[in-house]
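Just below is one structure, and these are the notes that go with it.
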Amino acid sequence: MEDVATASNEERENKFLTLAIEEAYKAVESGDGRPFGAVIVRDDEIIASCHNMVVRNTDPSAHAEITAIREACRKLNQVQLSDCEIYASCEPCPMCYGAILFSKFKRVVYAARAEAAIALGVGSNSADAMKHSSFYEKVKMEIKKAEGSVAVIAEQVFENTKDKFVTPSVA
């Protein structure tokens, strides 16, 4: 019985991560920003589905997770999203993790590791500094790295779009 529940939960996660990956492609195809996407879910309902808008908004803080948080907070008319989960196409950067923590999400699930983006010059290695600190030990939220085909597909976003996105010094 546990295997069925685990498979069902994995299918659910993969569904939302796939939507986040689709958003990542939208960011590049539209010229809005770099290949990152995020989806916010409450009780299996999608509250916000957004992509990186750094270029479009001329705003270095308009990462996918941040734009999704802003949209979800407006839609729900609240500043805490403690009954929500966030699904990100890639491991969130330190700024996005901070916003996720301040929003009090109960859970974050991401598909690609930050290293996949960094290898192609997207983002920075500032996440490495946090990994070697006690930051993650203090977090009281489930943080999960997806495995399997959805993780591979998420990492392919960077390779598949590297010739299309602009490479100014923005995240």
Side-chain angles (χ1 to χ4, degrees), residues 9-10 12-24 26-27 32-119 122-147 150-151 154-155 157-158 169-171:
N9 193 44
E10 188 174 319
R12 178 183 172 278
E13 290 173 354
N14 287 347
K15 176 178 93 171
F16 296 128
L17 287 171
T18 299
L19 293 173
I21 293 165
E22 289 171 6
E23 285 288 346
K26 285 181 193 175
D32 289 343
R34 300 262 179 114
F36 298 95
V39 175
I40 295 176
V41 176
R42 180 173 72 177
D43 299 326
D44 287 336
E45 177 190 349
I46 297 170
I47 304 301
S49 182
C50 298
H51 57 263
N52 183 290
M53 302 283 279
V54 168
V55 174
R56 179 180 183 181
N57 294 352
T58 320
D59 176 0
S61 70
H63 290 199
E65 298 90 338
I66 303 291
T67 57
I69 289 168
R70 289 173 180 158
E71 184 177 311
C73 287
R74 273 192 302 272
K75 185 174 181 179
L76 297 173
N77 195 32
Q78 60 190 49
V79 295
Q80 290 189 356
L81 302 171
S82 58
D83 56 348
C84 296
E85 301 170 314
I86 186 165
Y87 293 83
S89 63
C90 187
E91 182 177 9
C93 74
M95 176 182 69
C96 292
Y97 265 130
I100 289 166
L101 289 173
F102 283 120
S103 302
K104 304 214 182 285
F105 281 92
K106 64 180 175 183
R107 189 165 187 252
V108 58
V109 180
Y110 64 91
R113 293 204 177 276
E115 290 80 7
I118 293 165
V122 182
S124 71
N125 59 4
S126 58
D128 289 340
M130 291 174 63
K131 287 180 182 174
H132 301 295
S133 73
S134 61
F135 175 82
Y136 292 111
E137 295 170 16
K138 296 174 186 172
V139 175
K140 291 184 171 47
M141 145 187 19
E142 181 183 350
I143 301 172
K144 180 180 180 185
K145 160 71 174 85
E147 301 297 331
V150 74
E155 291 182 3
V157 171
F158 304 107
S169 57
V170 293

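In this structure, the side chains of E65 and C90 stay at 4.5 Å or more apart for every pair of heavy atoms. The side-chain heavy atoms of L19 and V39, taken from C-beta on, include a pair separated by under 4.5 Å. At a threshold of 4.5 Å between non-hydrogen side-chain atoms, the residues I143 and Y110 count as touching. Inter-residue side-chain proximity for K145 and E91 is flagged as unmet; no heavy-atom pair is nearer than 4.5 Å. Residues N52 and P35 are not in side-chain contact: their nearest non-hydrogen atoms beyond the backbone lie 4.5 Å or more apart. At a threshold of 4.5 Å between non-hydrogen side-chain atoms, the residues P92 and I100 count as touching. When side chains are defined from C-beta on, Y87 counts as touching R107, because their heavy atoms get closer than 4.5 Å. The shortest distance between side-chain heavy atoms of I46 and F16 falls below 4.5 Å.
With hydrogens and angles ignored, the 3.5 Å screen pairs a side-chain donor or acceptor of S89 with a backbone N or O of G37. In this structure, N57 contributes its side chain and D59 its backbone to no donor-acceptor pair below 3.5 Å.
Between H63 and the options M95, H51, R34, a side chain to side chain contact (heavy atoms under 4.5 Å, CB included) holds for only M95.
Ion pairing between E71 and R74 fails under the 4.0 Å rule for side-chain N and carboxylate O. E85 and R12 are joined by a salt bridge, as a carboxylate oxygen and a charged side-chain nitrogen come within less than 4.0 angstrom of each other. Salt-bridge check for E13 with K144: passed, with a basic side-chain N closer than 4.0 Å to an acidic carboxylate O. A salt bridge is absent between E10 and K15; no separation between the charged side-chain nitrogens and carboxylate oxygens falls under 4.0 Å.
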Item checked: Pair T18-V150, side chain to side chain contact (heavy atoms under 4.5 Å, CB included): steps then yes or no -> CA-CA 7 Å; T18 299; V150 74; 4.0 Å; yes

Check: Could you walk me through whether E142 and K106 pass the side chain to side chain contact (heavy atoms under 4.5 Å, CB included) check?
Finding: CA-CA 7 Å; E142 181 183 350; K106 64 180 175 183; over 6 Å; no

Checklist line | Evaluation steps, side chain to side chain contact (heavy atoms under 4.5 Å, CB included), between S61 and R70 | finding: CA-CA 11 Å; S61 70; R70 289 173 180 158; 3.2 Å; yes

Note to self: Go through it in stages, so that I can follow the logic: the residues are S82 and R42, the test is side chain to side chain donor-acceptor pair (under 3.5 Å), and I'd like the CA-CA distance, side-chain angles, deciding distance and then a yes or no.
What the structure shows: CA-CA 9 Å; S82 58; R42 180 173 72 177; over 6 Å; no

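A centroid separation of 6.0 Å or more is found between the aromatic rings of F105 and Y97.
In this structure, CG in D43 is found 8.0 Å from SG in C84, a value given to the nearest 0.5 Å. Annotation: the span from I66 atom CD1 to C50 atom SG amounts to 11.0 Å, rounded to 0.5 Å. Going from atom CD1 of I40 over to atom CD1 of I69 covers 5.5 Å, rounded to the nearest 0.5 Å.
Contact record, A111 with A151: O-CB, 3.7 Å, taken as the closest heavy-atom pair. Residues A48 and A72 approach most closely at CB-N, 4.0 Å, considering heavy atoms. A pairwise comparison of heavy atoms in L17 and A146 identifies CD1-CB, 3.4 Å as the closest pair.
For K104, the NZ atom is loosely surrounded, since the number of other residues' heavy atoms within 6.0 Å does not exceed 12.
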